[in-house]
There are 2 protein chains.
Amino acid sequence: MGIAERRERQKAEIRELILDAAREIVGKEGLEGLTIRKIADAIEYAPGTIYLHFENRDAIARELVVSGFMELVGYMAPAAQESDPLKRLDAIGYAYAKFGIERPETYRTIFLQPPAISSALMELLKGEGEGTDDGRGPGEQAFNILAETVAELIDRGIFRPGNPVVIAETIWAWLHGIVALRVSCSEEMLTDFSASIHYAIEGVRRAFAR
Amino acid sequence: MGIAERRERQKAEIRELILDAAREIVGKEGLEGLTIRKIADAIEYAPGTIYLHFENRDAIARELVVSGFMELVGYMAPAAQESDPLKRLDAIGYAYAKFGIERPETYRTIFLQPPAISSALMELLKGEGEGTDDGRGPGEQAFNILAETVAELIDRGIFRPGNPVVIAETIWAWLHGIVALRVSCSEEMLTDFSASIHYAIEGVRRAFAR
DNA sequence: GTCTATAGGCTGATAGAC
DNA sequence: GTCTATCAGCCTATAGAC
């Protein structure tokens with residue numbers, strides 16, 4: 001059975017090869033620039049070979065999005081460990097910004113897509129909780145880290161009363177806005193990223209604190 | 001010369017016909033879904049005819065983006081008239097949100113594009129000030145309404161001291177984030193838009209006020 | 001398991017008839 | 001000015017040789 005295992009391993013290797021090549025292409029040209037032929041060229045296989053490892057182009061794109069969300073969850077996980085909710089809120093903000101700036105193309109892949117893709121994508125974000133702690137998708141998981149922190153801040157009377165989900169969404173929007181502008185706009189147009197993030201994170205506290 | 005004038009008028013009419021059809025297609029399928037053939041089908045002309053009115057596909061896309069920015073400036077113009085800077089700031093925020101929610105596809109066209117398009121697009125945003133008041137592009141024009149308001153608020157001691165451009169950018173990011181999430185996410189995922197905008201606009205004041 | 005070859009469909013853009 | 005016809009190029013996906 002050593003043979004069967006080696007085969008499994010080799011198959012998984014090519015899968016990863018395909019996904020890595022796909023990530024690079026999407027990084028440069030966006031998800032809509034991803035084609036089977038470009039992947040095949042990059043890994044130096046024939047186009048048809050790709051279909052032995054993935055059902056079709058969309059399956060590859062889907063895989064990329066899911067792994068992108070996992071990456072985001074990975075960035076946010078350390079922040080979630082912080083026990084003081086106010087410090088945790090700050091840490092979440094900085095972790096999110098860090099993800100956006102270190103992995104701009106991943107950010108674009110999961111959050112900045114045309115209408116048709118976006119809607120299909122948001123389904124992934126919610127359902128499909130395979131291998132997760134609680135049956136929720138990775139996107140919802142990441143959001144809940146924020147929402148629960150806001151809820152705790154309200155409970156403790158540190159934040160003014162309000163709907164924690166709406167407030168969390170509003171905070172998320174601020175972070176998203178700053179990262180999205182960075183990712184979309186040319187460098188010279190924008191000024192100071194870290195100042196902007198800093199303003200926003202301090203601003204969130206001032207905006208919602210009691 | 002009445003004949004020449006009629007010809008001019010007819011030509012302009014078809015131009016508008018093409019642009020309207022293009023807007024509808026982009027609304028449904030995004031800028032990358034725009035093709036010459038789809039436009040031709042929609043206006044019931046042959047594909048080749050389009051090329052008598054526009055140099056190529058990109059020229060049409062560019063025109064769409066420019067007119068989209070003009071629309072945004074149109075939404076913001078009334079807000080810019082408000083003399084009280086604090087009220088003006090609120091009005092700008094609401095006008096921006098209104099634009100995003102009433103014209104989501106225009107919003108997407110001008111602000112949510114893949115990397116290659118985005119960078120080319122941002123050039124338009126800055127330069128090319130044909131027919132504008134002061135030689136600046138329509139994007140910069142819209143931004144300056146906000147930046148100048150922030151500067152005035154700092155000067156009057158209503159806002160804490162700081163770089164008005166960075167602060168304006170941070171405020172813009174918040175609005176952009178809220179609108180962008182609306183435009184990208186499925187309805188059921190998100191909660192209350194007007195509450196979110198309200199939080200943000202009040203939050204901005206609390207975040208930057210002295 | 002990987003290749004070559006190919007079907008069938010989309011694209012932008014152009015040439016030439018009318 | 002508008003048409004039809006067409007080229008050349010890309011795409012996804014599949015069939016069949018090896």
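Here is the naming used below: chain letters follow the sequence lines, and residue numbers restart at 1 for every chain. Heavy-atom basis, side chains included; hydrogens, waters and symmetry copies ignored. Just so it is clear, the structure is predicted and the values come from calculations on it, not from any experiment.
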E13(A) atom CD is separated from dT2(C) atom P, nearest whole Å, by 11 Å
Expected rows: protein N/O vs nucleotides 5-11 of chain D N/O, under 3.5 Å:
residue: dC11(D); atom: OP1; partner: T35(A); partner atom: OG1; Å: 3.3

Whichever of L52(B) and N56(A) has the more 5' nearest nucleotide on DNA chain D, that residue is L52(B)
To the nearest angstrom, the OH-C1' distance between Y51(B) and dT11(C) comes to 9 Å
Against the side chain of Y45(A), the closest entry in dT4(C), dT2(C), dC3(D) is dT2(C)
Separation of dG1(D) atom C1' from R15(B) atom CZ, nearest Å, is 16 Å
* Is there side-chain contact between D90(A) and R205(A), with heavy atoms separated by less than 4.5 Å? -> yes
- Task: Apply salt bridge (charged side-chain N to carboxylate O under 4.0 Å, His left out) to E105(A) and R108(A), showing your working.
- Result: CA-CA 5 Å; E105(A) 300 311 342; R108(A) 186 185 280 283; 3.7 Å; yes
Pair S196(A)-E169(B), side-chain donor/acceptor within less than 3.5 Å
no
Here the distance between atom P of dG1(D) and atom CD of Q10(B), to the nearest Å, is 9 Å
*How is I14(B) classified with respect to the nucleic acid when contacts are heavy atoms under 4.0 Å: base, sugar-phosphate, or nothing?*
sugar-phosphate
Between CD of E44(B) and P of dT2(D) the distance, given in whole Å, is 14 Å
**Asked** Should the pair F111(B) and H176(B) be assigned to parallel (<30°), tilted (30 to 60°) or perpendicular (>60°) ring geometry?
**Response** perpendicular
Heavy-atom closest pair (V179(B) atom, G100(B) atom, distance to 0.1 Å) is CG1-CA, 3.6 Å
Within a strict 4.5 Å, meaning less than it, do heavy atoms of the F159(B) and L89(B) side chains meet?
yes
I43(B) CD1 to dG1(D) P, in whole Å, measures 15 Å
Anything under 3.5 Å between a donor and an acceptor, one on a side chain of residues 14-26 of chain A, the other on a protein residue two or more places apart or in another chain? List them.
residue: R15(A); atom: NH1; partner: H53(A); partner atom: O; Å: 3.4
residue: R15(A); atom: NH2; partner: E63(A); partner atom: OE1; Å: 3.2
residue: R15(A); atom: NH2; partner: E63(A); partner atom: OE2; Å: 3.1
residue: D20(A); atom: OD1; partner: R23(A); partner atom: NH2; Å: 3.4
residue: R23(A); atom: NH1; partner: S67(A); partner atom: OG; Å: 2.9

Rounded to whole Å, CD1 of I50(B) lies from P of dG12(C) at a distance of 10 Å
N/O-N/O pairs, protein side and nucleotides 16-18 of chain D side, under 3.5 Å:
none

Scanning both residues in full, the closest heavy-atom pair of V183(A) with Y107(A) reads CG2-CD2, 4.4 Å
Rounded to the nearest 0.5 Å, the CD atom of E202(B) sits from the CZ atom of F208(A) at a distance of 8.5 Å
E29(B) CD to dT11(C) P, in whole Å, measures 9 Å
